[in-house]
Amino acid sequence: METILYVGASTPGGDPLGLLNLPSSHRGEDGSIELRSGARDFRFLDVQEPAAALNAIRDRAIDLLVIDTRSEPFRTAPDHNPTVGLDFSESPAGMVLRALFPSGALHSRIQRNRILGIVGPGRAGASAAYRMGVYQLGGVLAAPSVEELIEALSGISVKKKSARIALCLAGGGIEGVLYELGVLRALEWFLGDSSVVNFDLFCGISAGAILGAFLSNGVGPDEIARGFAGGSTRVDRIKRSEIFDVNVKELGSRLSTAMRQVVRPTESEQSVPWSVLPSGLFAGDGLRSYLRRQLERPGMNNRFEDLRRPLFVGATDQDTSQAVVFGEPGFTDIPVHRAVRASAALTPFYAPEEINGRYYTDGAFSRTTNMRVAVRQGATLVILVDPLVPVFSPTAGYVHGRGGVFGTMQGLKALVNGRFDKAVRAIREMYPEVSFYLFRPYGEEMRIMSGSPMKYFYRRQVEDVAFWNTVRKIRASMTDLTRDFARHGITFRDPEGEQPPSPSHDRFEPAALGVGL
């Protein structure tokens, strides 16, 4: 049974739409009105005040929202007399919509296409319809009959693609891998009999691509974490020498070339000193070999076509700065380990990866996450994990005092994070039918992840802090997550049962939950 929240005019009998006049309707034990339309069952809840509506949406799993504006005396253009009628933004309908969809927010407690507006006749109704249309709602009806309303709600209810869940993992170096593992372990904790490896598709960039290669092969976050730390059945321990392999070979080659240029210079060779520097401090050969060894083990697959779940790996063509998605048509004929190595080529730390004559670098240089790729592949619920958040310090000189690497990474994170936030402002309007949830470092997590992406020695601290903070974030959005996972056939529940609300000083701000970024 789908729950519909009606926000609008009240009536003495508590039936503003006249639903009880329909033969298939009756009053429920909780005061709601229940009815059957065809093969679908609906439960209507009736509230009048914006605060009550927002509380209901926060505390209950609301499937559809009806906002009735017919009792509201709107001010109509060109009438600008402030004493005559309400501006839409001041009306209950406007306040509800503004609260549900604040500027720049990625996640909303209800999808736009699952909201239906009702307006009255005349210029006031036309003005309200225009203002509601700006929010790209599922539809606006002008003074409908109760039968027309039920038909429209039934249409919105069934108007959806086959449900698919995507997991999009951004970059962030070693600390990003550890943060994402903590988040994934927390998600797994709430999935009960299911697992993140059962999601329908995976998108990964850089650090996220490394994890995506294992997840798409059916290796869960717990086993990945155990494997990286000390080895497991399907994942070998990753050694420091496999991560930090100094690029001596390229340095030697460039020195040799530079010496020849000094002895026999040409007019086109004007920057010998700079050309001596290798393209990356680390060669990345160890990481490539490690990934190949893991993905070619029995039971694992190193070909995109053979993976248990689809995987899409983002990289950047170094010479054109264009984003490339390995795993999409035209980019499936290379081994997965090569694509992942290319996606993780964070220059100047790691050298680019040459594939078929092209040089590829870290996917974060052109995209933060491949959320658009996920939607293009049919995802209707997208879980985003983005560790690339710059540290915030009110103390002047905090970043400067920690040296060049820290400052470089702070600048890179700021650029990537700013680009992602701009994309967020458009993503809700582009895909109103998709539910997005964003997990990113906040508070204590930001402090332990600031600076270099090479924090190999802080494995347990980063992962554990990410795990417990994500558990708290999930509990703060439990109603929404439970509803959206249920729509995708997955039971999402807290293994420790109902949790008491956090103390006021310990509550998360909306930005910590991917809301109001």
Side-chain angles (χ1 to χ4, degrees), residues 1-20 27-28 30-35 42-74 85-103 105-120 124-125 127-129 131-141 143-144 146 149-150 152-153 156-157 428 432 435 476-484 486-487 501 510 513 515-516:
M1 179 178 292
E2 296 194 86
T3 300
I4 300 173
L5 179 65
Y6 170 83
V7 184
S10 62
T11 61
D15 182 16
L17 296 171
L19 297 170
L20 290 175
R27 182 75 68 179
D30 59 354
S32 64
I33 298 176
E34 299 177 3
L35 65 86
F42 296 108
R43 175 190 294 112
F44 282 80
L45 303 174
D46 174 21
V47 299
Q48 287 78 48
E49 298 298 325
L54 295 172
N55 287 338
I57 294 170
R58 180 195 63 200
D59 298 334
R60 302 188 60 156
I62 302 298
D63 297 295
L64 298 165
L65 174 63
V66 176
I67 301 179
D68 192 340
T69 66
R70 286 177 290 183
S71 65
E72 301 176 14
F74 290 117
L86 293 172
D87 182 77
F88 184 83
S89 62
E90 302 168 350
S91 70
M95 288 188 283
V96 168
L97 291 173
R98 194 168 65 248
L100 286 176
F101 306 108
S103 176
L106 175 63
H107 168 64
S108 174
R109 295 191 181 276
I110 189 166
Q111 296 163 300
R112 296 172 189 260
N113 68 326
R114 300 184 74 83
I115 303 176
L116 187 65
I118 299 178
V119 300
S127 177
R131 296 296 297 274
M132 297 178 87
V134 170
Y135 284 93
Q136 295 184 302
L137 307 185
V140 177
L141 300 179
V146 65
L149 174 62
I150 297 302
L153 289 171
I156 293 176
S157 177
R428 287 296 305 177
S435 293
S477 289
M478 195 67 192
T479 300
D480 300 331
L481 284 160
T482 300
R483 177 200 61 218
D484 285 335
R487 288 175 181 161
L513 306 172
V515 183

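- Side-chain contact between L5 and L64: absent, with no pair of heavy atoms (C-beta onward) separated by less than 4.5 Å.
- Looking at V140 and I118, their side chains never come closer than 4.5 Å, going by heavy atoms from C-beta outward.
- Of the residues listed (L65, I57, I115, L45), the one engaging V7 in a side chain to side chain contact (heavy atoms under 4.5 Å, CB included) is L65, and it is the only one.
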N55 and V47: CA distance, side-chain angles, deciding distance, side chain to side chain contact (heavy atoms under 4.5 Å, CB included) verdict: CA-CA 10 Å; N55 287 338; V47 299; over 6 Å; no
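- Nearest approach of M132 to G117, heavy atoms of both residues: CE-CA, 3.3 Å.
- Judged as a side chain to side chain contact (heavy atoms under 4.5 Å, CB included), and not counting sequence neighbours, the contacts of Q48 are S10, D46.
- Within the 4.5 Å cutoff, the side chain of L17 has heavy atoms near those of the Y6 side chain.
- Between R487 and D63 there is a salt bridge, with a side-chain nitrogen of the basic residue lying less than 4.0 Å from a carboxylate oxygen of the acidic one.
- Under a 3.5 Å cut-off, the side chain of S91 and the backbone N or O of G94 do form a donor-acceptor pair.
- Side-chain N or O atoms of D15 include one that pairs as donor or acceptor with a backbone N or O of L20 at under 3.5 Å.
- Judged as a side chain to side chain contact (heavy atoms under 4.5 Å, CB included), and not counting sequence neighbours, the contacts of T482 are M478, F492.
- The two atoms that bring R70 and G120 nearest to each other are CG-N, 3.5 Å, heavy atoms only.
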| field | side chain to side chain contact (heavy atoms under 4.5 Å, CB included) evaluation trace for T479 with I62 | value | CA-CA 9 Å; T479 300; I62 302 298; over 6 Å; no
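- With rounding to the nearest 0.5 angstrom, the CZ atom of R483 is 10.5 Å from the OG1 atom of T3.
- Contact detail for P144 and L149: the closest heavy-atom pair is CB-N, 4.4 Å.
- When all heavy atoms of I67 and A93 are compared, the pair lying nearest together is CG2-CB, 3.5 Å.
- Using a 4.5 Å heavy-atom cutoff, the side chains of L153 and I4 are in contact.
- Looking at heavy atoms from C-beta onward, E49 lies out of side-chain contact with P92 at the 4.5 angstrom threshold.
- The shortest non-hydrogen separation linking T69 to A128 is OG1-CB, 4.1 Å.
- For the residue pair A129 and V119, the shortest heavy atom distance occurs at N-CG1, 3.8 Å.
- Stacking of R112 on the aromatic ring of Y135 is not recorded, the 6.0 Å distance cut-off and the 45° axial limit not both being met.
- Results of the side chain to side chain contact (heavy atoms under 4.5 Å, CB included) test with L116 over D68, L137, L141 single out L141 as the only residue that passes.
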